[in-house]
J.: 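Starting off with a structure, shown below.
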Amino acid sequence: MRFITIQGPTASGKTALALKLAHALDTEIISADSRQVYRYMDIGTAKPTKQETQGIRHYLIDVVDPDESYSAGRFAEEAGAIVRRLNDEGKLPIVAGGTGFYIRALQNGLFESPDVDMALRIRLMAEAERDIEKVYQRLTEVDPKSAERIHRNDAKRVVRALEIFEQTGISMSEHWRRQQEENSCRSFDILILPEREALYERIDKRFNLMMNNGLLDEVKRLIEMGYKPDDPGMNAVGYRELVDWLENGGEIDAAIALAKQKSRNYAKRQTTWYRSVEFDLTLRDADINIYSVAEAAQEKLAT
RNA sequence: GGCGGGAUAGCUCAGUUGGUAGAGCAGAGGCCUGAAAAGCCUUGUGUCCCCAGUUCAAGUCUGGGUCCUGCCA
């Protein structure tokens, strides 16, 4: 597999850069965004509009409904299939998006595992909520290596590790050990990382734009369609805060301020993630000579 | 004008029978193998509104100010 990745915190300008690069390379774009996969959530997830895509084909946008769950595993599988197909057509696809975990899953692969058993997960999660210590204790018995790595309060990961053991009879750490490196993957990785102050300003401005573009109506429509605040897709920055305001009232300005704040928190987490990722090119902003980037990518990925 | 309530970390507030202060959020740093826009960890010295008094000792008691705020006029 060969592809280009464009990564960066929210509102850094990934979409714009991806589009320019796609034109320059005559290729297509695969979105790596855990919220753009959801239908009907367009404004708040900053999906590119029809006008913006300008005929560039986009993948993995609008693939599930807000009450369905999506996953890194599914992304790795679906994106991988698209990359391989485009490679066969002689194209160098662009994987662009802010969900670093999805991109890592595509690049490094995940260990083999059965589909999530939702009933099991819900049961374990309920137990963890009642007594996390007890659930964590079980993990230390079943998979001490994972228990050492996972913090006792991190219920999601404690439960996930137990899930794996209960479903397969094999510990998560053992799955890791057996996981084979899938080194057939080569990518040219670009990071857009604005100065923090500039980024925070962009986040605030962009949220104002979303509000002007009808984000509140979008949220209302989702509720009218019957989607609930705790549906997988609805658990998204901006949506949560507006849903909460619609249900509980209060000052709309406070809800907006909170949504912006949550966006900044999110951007900070993304930035931390990127520190442990190696990139071929790091940009302050998306405003660069696209042809030199295209050339560098082709050069690195030429066989 | 009268009668109450309040003034403590950037914000919202705790502070027991007086022993110079602590939570949540924010901020900063970090983790991350099928929920990842999620979840989790670490990090809290600030004229305790001001002045005077009581006391070995006052955020904590007393008196006087100042400023908010609720009700009645």
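Labels below follow one simple rule: chain letters A, B, ... track the order of the sequence lines, proteins then strands, and each chain is numbered from 1.
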J.: The side chain of A:F111 is closest to which nucleotide in this list: B:G27, B:G34, B:A38?
T.: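 Of all the options, the side chain of A:F111 is nearest to B:G34.
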
J.: Under a 4.0 Å threshold between the charged nitrogen and the carboxylate oxygen, would A:E224 count as salt-bridged to A:K220?
T.: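 No salt bridge links A:K220 with A:E224.
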
J.: Would you call A:R74-A:E68 a salt bridge at under 4.0 Å N-O?
T.: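 Salt bridge absent between A:R74 and A:E68.
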
J.: Select one nucleotide: of B:U33, B:A26, B:A36, the one nearest the side-chain heavy atoms of A:T99.
T.: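 Shortest atom-to-atom distance from the side chain points to B:A36.
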
J.: Using a distance-only criterion (donor-acceptor N/O pair, under 3.5 Å, no hydrogens), is the base of B:A38 paired with the side chain of A:R157?
T.: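 Per atom types, the contact qualifies.
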
J.: Classify the nucleic acid contact of A:R269 as base, sugar-phosphate or nothing, counting any heavy atom under 4.0 Å across all strands shown.
T.: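 Contact class for A:R269: base.
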
J.: Kindly say if A:R240 contacts the phosphate of B:A38, meaning a side-chain N or O under 4.0 Å from OP1 or OP2.
T.: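 So the side-chain polar atoms of A:R240 do come within 4.0 Å of the phosphate oxygens OP1 or OP2 of B:A38, strictly under.
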
J.: With a 4.0 Å cut-off on heavy atoms, is A:G100 in touch with a base, just the backbone sugar-phosphate, or nothing at all?
T.: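 No contact.
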
J.: Can you measure A:Q270 atom CD to B:C32 atom P for me and round it to whole angstrom units?
T.: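 About 16 Å, once rounded to whole Å.
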
J.: A:L258 or A:A155: which one's nearest nucleotide on RNA chain B is closer to the 5' end?
T.: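 In this pair, the answer is A:L258.
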
J.: For the pair made of CZ in A:R74 and P in B:A36, what is the distance, rounded to whole Å?
T.: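 My rounded result for the distance is 12 Å.
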
J.: Give A:D115 one of three labels, base, sugar-phosphate or nothing, depending on what nucleic acid heavy atoms sit under 4.0 Å from its own.
T.: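 Contact class for A:D115: none.
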
J.: For A:Y200, report the nucleic acid contact type (base, sugar-phosphate, nothing); a contact means any heavy atom under 4.0 Å.
T.: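 Sugar-phosphate: the residue A:Y200, judged by heavy atoms under 4.0 Å, touches backbone atoms but no base.
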
J.: As an exercise, state the distance from CG of A:L258 to OG of A:S263, rounded to the nearest 0.5 Å.
T.: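 Separation between the atoms: 9.5 Å.
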
J.: Which of the following nucleotides, B:G34, B:A36, B:G39, is nearest to the side chain of A:R35?
T.: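 Nearest nucleotide to the side chain: B:A36.
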
J.: When you measure from the side chain of A:H151, which nucleotide among B:C40, B:U33, B:G27 comes out closest?
T.: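 The nucleotide sitting nearest to the side chain is B:C40.
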
J.: For a quick check of understanding: with a heavy-atom distance under 4.0 Å over all strands, which category does A:Y102 fall into, base, sugar-phosphate or nothing?
T.: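 If one applies the 4.0 Å heavy-atom cut-off, A:Y102 turns out to touch the sugar-phosphate alone, with no base involved.
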
J.: Indicate, with a heavy-atom threshold strictly under 4.0 Å, whether A:T45 touches base, sugar-phosphate, or nothing.
T.: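 Base contact - A:T45 has a heavy atom under 4.0 Å of at least one base atom.
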
J.: Classify A:Q179 by what it touches in the nucleic acid, base, sugar-phosphate, or nothing, heavy-atom distance under 4.0 Å.
T.: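 Here A:Q179 touches the bases of the nucleic acid.
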
J.: Base, sugar-phosphate, or nothing for A:R196, non-hydrogen atoms under 4.0 angstrom?
T.: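 Sugar-phosphate: the residue A:R196, judged by heavy atoms under 4.0 Å, touches backbone atoms but no base.
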
J.: Answer whether the closest heavy-atom distance between the side chains of A:T45 and A:I61 falls below 4.5 Å.
T.: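 No, every pair of side-chain atoms sits at 4.5 Å or beyond.
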
J.: If you look at every strand shown and take non-hydrogen atoms under 4.0 Å, does A:M125 touch a base, only sugar-phosphate, or nothing?
T.: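 If one applies the 4.0 Å heavy-atom cut-off, A:M125 turns out to touch a base.
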
J.: Without decimals, in angstroms, what is the distance between A:L110 CG and B:G34 P?
T.: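 Going from A:L110 (CG) to B:G34 (P), I get 6 Å.
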
J.: How many Å lie between CE on A:M234 and C1' on B:A35, as a whole number?
T.: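 Taking atom C1' of B:A35 as the reference, CE of A:M234 is at 16 Å.
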
J.: Got a salt bridge between A:K47 and A:D42, using NZ or NE/NH1/NH2 to carboxylate O under 4.0 Å?
T.: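 Salt bridge: yes.
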
J.: When we call it a touch if two heavy atoms are under 4.0 Å apart, what does A:Y70 touch: a base, just sugar-phosphate, or nothing?
T.: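 Result for A:Y70 = sugar-phosphate.
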
J.: At under 4.0 Å between heavy atoms, what does A:R160 touch on the DNA or RNA strands: base, sugar-phosphate, or nothing?
T.: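 Touches a base.
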
J.: Is any side-chain N or O of A:N265 closer than 4.0 Å to OP1 or OP2 of B:A26?
T.: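 Yes, because at least one side-chain N or O of A:N265 sits under 4.0 Å from OP1 or OP2 of B:A26.
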
J.: Give A:S113 one of three labels, base, sugar-phosphate or nothing, depending on what nucleic acid heavy atoms sit under 4.0 Å from its own.
T.: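 Base contact - A:S113 has a heavy atom under 4.0 Å of at least one base atom.
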
